[in-house]
Number of protein chains: 2
Amino acid sequence: MSKTVNKQESPSTSRRRMQMTDIARLAGVSVSTVSRALSGSELISADTRERIQTLARQFNYTVNSVATNLRSGVKRTIAVVVPFEPGSRQSFADPFLHGMIGSLADALTERGYEMLLSRTDADRLDAVAALIDSGRSAGVILIGQWRHHDQLNAMAARGLPLVVWGAHLPHQDYCTVGGDNVRGGQLVAEHLLEQGRRRMVFLGDWGLPEVAQRYRGFVAGLRAGGIHLSAQQRMAVPFLAESGRQAMFTLIDSFPELDAVFACSDLLAMAAVGALRERKKQIPTDVAVVGYDDVELSAHFNPPLSTVRQPIHEAGAVLVDELLMLLDGKTPPPFALLETRLIVRESSRVP
Amino acid sequence: MSKTVNKQESPSTSRRRMQMTDIARLAGVSVSTVSRALSGSELISADTRERIQTLARQFNYTVNSVATNLRSGVKRTIAVVVPFEPGSRQSFADPFLHGMIGSLADALTERGYEMLLSRTDADRLDAVAALIDSGRSAGVILIGQWRHHDQLNAMAARGLPLVVWGAHLPHQDYCTVGGDNVRGGQLVAEHLLEQGRRRMVFLGDWGLPEVAQRYRGFVAGLRAGGIHLSAQQRMAVPFLAESGRQAMFTLIDSFPELDAVFACSDLLAMAAVGALRERKKQIPTDVAVVGYDDVELSAHFNPPLSTVRQPIHEAGAVLVDELLMLLDGKTPPPFALLETRLIVRESSRVP
DNA sequence: ACGCGAATTGCAATCGATTGCATAGCGTTT
DNA sequence: AAACGCTATGCAATCGATTGCAATTCGCGT
């Protein structure tokens, strides 16, 4: 390759990217001076500095942050990882994730970081280590711990800067941020009991730590009210609308007397409502439905959906702040429990 | 700064990242050899190669892609930019965007690219040029052209690798991918007329090119059926549920005889359904509602929402492929129109 | 006129990799 | 035995910036 050839040059896009040497040549100074001028160093006389900055602006020059990072060793990119179930690849579909990503994007932008969005096989969570090992990002924010607490602990042991949205578990060496899932489940149980419901069903994959905690809280709350949840009153389903629909049909068939549904995400709850309608059940008269997350659409659903609110906006900020603490060498609290409250709307309230 | 000090070192995270020199030392060879071995070069003897690869795996070493990119000049990061309205910052809330991001994430991952997700002020679209100028990404995929066709043309003129999801406009120097919005609007008009509706209202911000085209198609379709749309039969609203709700109330008040709503996104349509219910209108008996996008939830909404499907999965692939063509110096078609079809569900179909 | 410090600016090493070219080692051919 | 060729490896320049230190210029005191 000849030295004068410009990489990524192309017939149509033949303009080479401006670089510091170009500005230096134009200004008649050295690159050192340009570098310092652009970073606003006091070492450079005010008028040289200004002249160079004007020049840079004129030519749309921006310092190459890749080179800067390489030299300075400081990275301003954070990877946000959204795992997908290896079978369906569809985890991305839950609107809750969308809210989470938006919230993280905001929090990172505010603090001057870039966001690298990455999807990973939920069974190979440890693959995210490569994002850090390869220097692509300074740290990782992972949405959900899925079934691999162990892999996460291993990564934490390697000292990788990692913060996880999820449940706080025993023997946890990594840092989590999440809602109070047990409490959330309990609130739903109490509310449904209060509404006079007795024959509940539970929808959600309790193989996942967060869901497991919601389930535990729910069962505990029911037990306190003297109600027991039998094996036919629950179904383990992934966070997919169609799965929720099918599961709901199965539950209606096997437990037709049901009068309340607790779904572990609003998406599942909405799918459940759809399935119940198809079977001519009135919501909430025949069956009360409560979801989880309080995504934006829940309030506009028909009927408006009762749900457990997760403070998404705050979540992004806390996740980012804890990760930045880690990067800064400080030790963030091992877990943060965010406020969790029940929002009662029409889907579970009989007037 | 002393030479032995390790950047981003910290009390808790004191482990320096492995690098090529370390592997070289461990293997007793030079870095050149390691570099070649890890990239699988035939120049290195098979057994040295294997020995080095094993070593790298053992120590969790991954080549620093930042350094690689700097040297090779090839970047494998694409920026996906989601503009937000400067007032609300909320553009992120529409589930359509979520689908789009997921689809792009898939397409990019499949092709071995990373995705940098970035939010920008919709009034400063030209700010995305900095993503390229600064070398953070090789190219940009922008979701929507918003009100700044001019800024986009200027960027295209600078030769920036840019592909836009949106409407095909006259005098367009950049490359777009989008649905056939005019046709979409027209399909909705025809369908509503066929259902015997005559008093339609339109919900959506026609200041945005895509929406304007849907509006034009809709109006043209109505005109063909001998129907005229007066100024009180439309409202310009941003893609926000609450705005949609309020706009719907206003329309109901100013044009109470309405019997059909065409909303420019499913989010708006769902919000409209909510507002109509609050005013005791039956859907679809009293008022038919049609949305746009066919997001996943639309099928599970109550009633299931009629809508114009945008082929989101295909969209991501096409956007990415066109951008890669640009990066490759080829000239992609100036615009791609993806299949647009009407999905009729219960919200607009009287049995 | 000379010396000295302060204010500017430039030189060159460096970040962590890649790669053209040089070279070392070793077997073959004549 | 000399010459040659091939394979496997190392040297050193390079990507685009940053930064410690050296060098230059200039003003001013004596």
Side-chain angles (χ1 to χ4, degrees), chain A residues 1-9 16-25 27-52 56 59 61-76 132-138, chain B residues 1-9 16-25 27-52 56 59 61-76 132-138:
Chain A
M1 180 167 43
S2 139
K3 292 174 189 177
T4 58
V5 161
N6 168 22
K7 296 85 180 301
Q8 288 202 348
E9 181 167 29
R16 198 173 60 97
R17 189 129 47 58
M18 267 284 162
Q19 50 190 64
M20 217 171 245
T21 44
D22 300 319
I23 301 292
R25 196 175 321 111
V29 296
S30 71
V31 285
S32 332
T33 304
V34 175
S35 170
R36 286 192 259 251
L38 291 179
S39 67
S41 160
E42 292 289 332
L43 282 176
I44 304 299
S45 69
D47 77 330
T48 316
R49 215 187 314 158
E50 212 155 307
R51 191 163 49 90
I52 291 176
F59 286 84
Y61 172 74
T62 315
V63 294
N64 182 324
S65 52
V66 172
T68 301
N69 292 349
L70 175 58
R71 172 62 221 247
S72 67
V74 176
K75 260 156 239 80
R76 309 233 6 127
I132 302 174
D133 289 332
S134 70
R136 274 179 298 227
S137 71
Chain B
M1 181 168 41
S2 140
K3 292 173 190 179
T4 57
V5 161
N6 167 21
K7 295 87 182 302
Q8 289 202 348
E9 181 166 32
R16 198 173 61 98
R17 190 129 47 59
M18 266 285 163
Q19 50 191 62
M20 217 172 246
T21 44
D22 301 319
I23 302 291
R25 195 175 321 111
V29 295
S30 71
V31 286
S32 332
T33 304
V34 176
S35 171
R36 285 193 258 252
L38 291 179
S39 68
S41 161
E42 292 288 332
L43 283 174
I44 305 300
S45 68
D47 76 331
T48 316
R49 216 186 315 156
E50 211 156 307
R51 192 162 48 90
I52 292 176
F59 287 84
Y61 172 74
T62 315
V63 294
N64 182 325
S65 53
V66 172
T68 302
N69 292 349
L70 175 58
R71 172 61 224 247
S72 66
V74 176
K75 261 157 239 80
R76 313 254 329 149
I132 302 172
D133 289 332
S134 70
R136 276 179 296 227
S137 71

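Since this is a predicted model, take the numbers as computed values, not measurements. These values consider heavy atoms only, across backbone and side chains, with no hydrogens, waters or symmetry-generated copies. So that the names make sense, note that chain A is the first sequence line, chain B the second, and so on, each numbered from 1.
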Original post:
So which heavy atom on Gly135(A) is nearest to which on Val66(B), and how close?
Top reply: O-CG2, 3.2 Å
Distance check needed: [N] [atom2] versus [X] [atom1], whole Å only.
X        : N       : atom1 : atom2 : value
Ile52(B) : dA8(D)  : CD1   : C1'   : 11 Å
Gln19(A) : dC15(D) : CD    : P     : 8 Å
Met20(B) : dG10(D) : CE    : P     : 13 Å
Leu38(B) : dT18(C) : CG    : P     : 8 Å
Asn69(B) : dT18(C) : CG    : C1'   : 12 Å
Ile23(B) : dG16(C) : CD1   : P     : 14 Å

Quick check for you: among [options], whose closest atom lies nearest to any side-chain atom of [X]?
X        : options                   : value
Asn64(B) : dC15(C), dC11(D), dG16(C) : dG16(C)
Leu70(B) : dG16(C), dT18(C), dA17(D) : dG16(C)
Arg71(A) : dA17(D), dC15(D), dA12(D) : dA17(D)

Between [Y] and [X], is there a side-chain heavy-atom distance shorter than 4.5 Å?
X         : Y        : value
Ser134(B) : Val63(A) : no
Asn64(B)  : Thr68(B) : no
Ile23(B)  : Met18(B) : yes

Original post:
Looking for any heavy atom pair under 4.0 Å, which part of the strands does Thr68(B) touch: base, sugar-phosphate only, or nothing?
Top reply: sugar-phosphate
Is there a donor-acceptor pair under 3.5 Å between the side chain of [X] and the backbone N or O of [Y]?
X         : Y        : answer
Arg76(A)  : Asn69(A) : no
Arg136(A) : Ser65(B) : no
Arg36(B)  : Ser41(B) : no

Original post:
Under 4.0 Å between a side-chain N or O of Ser35(B) and OP1 or OP2 of dT18(C)?
Top reply: yes
Original post:
Can you tell me if the side-chain N/O atoms of Tyr61(B) get under 4.0 Å from OP1 or OP2 in dG16(C)?
Top reply: no
**OP:** Check if the side chain of Ser32(B) and the base of dC11(D) share a donor-acceptor pair of N or O atoms closer than 3.5 Å.
**Re:** yes
Listed pairs, N/O of protein and of nucleotides 4-9 of chain C, under 3.5 Å:
residue, atom, partner, partner atom, Å
dT9(C), OP1, Thr48(A), OG1, 3.1
dT9(C), OP2, Ser45(A), N, 3.2
dT9(C), OP2, Ser45(A), OG, 3.4
dT9(C), OP2, Thr48(A), OG1, 3.3

